[in-house]
Every structure is written in C-alpha cells, then in structure tokens.
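For the single chain, residues carry numbers from 1 onward in sequence order.
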Amino acid sequence: MTVVSVESSTSSTALVLPFEVASARAARRRLAADLRAAGIASDEVHDAVLVLSELVGNALRHARPLPAGALRVTWRRHPHRLEVSVTDGGGPTEPRPLELPASALGGRGLAIVDDLSARWGVRRGDRTTTVYAVLDLTPGTSRT
C-alpha cells in the first residue's frame with residue numbers, strides 16, 4: 001500500500017491514500033503514532049483511531065474516490081481538541097447515523113462517531129464530501 005502524498009507538521013497531518021481498504025490501516029497507524037508522540041492519553045488515542053477508522057470505512061463503502069482513485073485523510077491537534085476528517089468524491093446519500101434495531105449487524109459507524117466525538121459534520125465541495133469529527137482532549141495530556 002502506497003501513501004500518495006503526506007503533508008505534516010507538529011500539530012497536523014494530511015494523507016492522500018489509495019481508495020482501498022488497506023488505507024484504513026495506514027491511516028489508523030499514522031494517527032496513533034502521531035498522537036502517542038504528542039503525549040496524548042491512550043484512551044483518547046484509541047477513541048480517535050476508532051473514529052477515523054469509521055470515517056474511512058464509510059467513505060470506502062458509500063462514496064466515490066477523489067480523482068486518481070484516492071481519498072484524503074487529515075487530522076489537526078488544537079490545545080484541547082482533535083479534528084479528524086476524510087474527504088472523498090461524494091456519494092449518492094447524505095452521511096447520517098441510522099436508527100437500527102439492536103439485532104442489526106452493521107450500520108452503526110456514524111452512531112459510534114457521534115458518541116465518541118464532541119461534534120461531527122459534513123462539508124460539501126463541488127465534487128467532494130468531507131466528513132469530520134472533533135474529539136475533546138483532556139487538558140494536560142498532550143505537549144501541544
């Protein structure tokens with residue numbers, strides 16, 4: 001799996017990844033490494049990785065790739081919050097949590113994102129959709 005491009009600083013990272021399942025793993029590993037290096041608490045790293053994984057998974061399942069068969073994954077740390085986002089080529093439906101019976105085997109991705117994040121939303125571009133989530137970080141757990 002090849003990362004198409006990377007932009008990175010001490011508080012933000014942007015990855016352009018192939019529109020394929022292996023990209024979720026690459027994004028999770030990079031986010032976890034960045035947050036651990038910044039001294040973020042392990043519970044918060046776990047939550048952020050899970051949220052990012054759900055966003056990437058939803059893009060792969062429900063959207064089209066960006067040009068050149070890619071998707072863009074970004075995260076930015078602020079003093080007491082983290083914003084993660086995934087940009088794709090859009091899809092036929094609006095990203096939204098589903099109301100499912102307890103017996104449903106899937107479809108809970110955005111409900112998980114909603115539960116773990118302070119807020120989340122969708123930004124539409126001309127030919128893109130970006131789904132983002134903002135997670136609170138405990139004060140004093142990072143070296144931002």
Between [atom1] on residue [X] and [atom2] on residue [Y], distance to nearest 0.5 Å:
X: His78; Y: Ser12; atom1: NE2; atom2: OG; result: 9.0 Å
X: His46; Y: Leu35; atom1: NE2; atom2: CG; result: 13.0 Å
X: Ser23; Y: Arg72; atom1: OG; atom2: CZ; result: 14.0 Å
X: Leu50; Y: Asp115; atom1: CG; atom2: CG; result: 10.0 Å
X: Leu137; Y: Arg81; atom1: CG; atom2: CZ; result: 9.5 Å
X: Leu116; Y: Asp136; atom1: CG; atom2: CG; result: 11.5 Å

Verify side chain to side chain donor-acceptor pair (under 3.5 Å) between Thr74 and Ser85, making sure each step is shown before the conclusion. CA-CA 5 Å; Thr74 63; Ser85 64; 2.4 Å; yes
For [X] and [Y], which heavy atoms make the closest approach, and how far apart are they?
X: Ala26; Y: Leu17; result: CB-CD2, 4.5 Å
X: Val73; Y: Ala27; result: CG1-CB, 4.1 Å
X: Ala70; Y: Val16; result: CB-CG1, 3.7 Å

* With distance as the sole test, does Thr128 use its side chain to make a donor-acceptor pair with the main-chain N or O of Asp88 at under 3.5 Å? ->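 A pair under 3.5 Å: no.
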Worksheet item: Is there a donor-acceptor pair under 3.5 Å between the side chain of Glu83 and the backbone N or O of Leu135?
Response: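 No, because the side chain of Glu83 does not come within donor-acceptor range (under 3.5 Å) of the backbone of Leu135.
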| request: Please answer: with hydrophobic residues joined when any side-chain heavy atoms are less than 4.5 Å apart, are Phe19 and Leu66 in the same cluster? | output: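 Different hydrophobic clusters.
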### Query
Members other than Val134 in its cluster, when Ile, Leu, Val, Met, Phe, Trp, Tyr link by side-chain heavy atoms under 4.5 Å?
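Joined to Val134, directly or through intermediates: Tyr132.
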For this session: Determine, step by step, whether Val56 and Leu60 satisfy the side-chain contact (heavy atoms from CB on, under 4.5 Å) criterion, reporting the C-alpha distance in whole Å, the side-chain angles of both residues, the deciding distance to 0.1 Å, and the verdict.
Result: CA-CA 6 Å; Val56 171; Leu60 294 171; 3.9 Å; yes
Handout entry: Stepwise side-chain contact (heavy atoms from CB on, under 4.5 Å) check, Thr13 with Leu15
Key = CA-CA 7 Å; Thr13 297; Leu15 306 174; 3.9 Å; yes
Using a distance-only test with no angle check, is there a side-chain donor-acceptor pair under 3.5 angstrom linking Arg77 and Ser11?
->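 No - no donor-acceptor pair under 3.5 Å links their side chains.
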**Message:** Between Val113 and Leu55, does the side-chain contact (heavy atoms from CB on, under 4.5 Å) criterion hold? Intermediate values first, please.
**Reply:** CA-CA 8 Å; Val113 170; Leu55 296 181; 4.0 Å; yes
Show your reasoning for whether side-chain contact (heavy atoms from CB on, under 4.5 Å) applies to Leu71 and Thr87. CA-CA 6 Å; Leu71 60 89; Thr87 302; over 6 Å; no
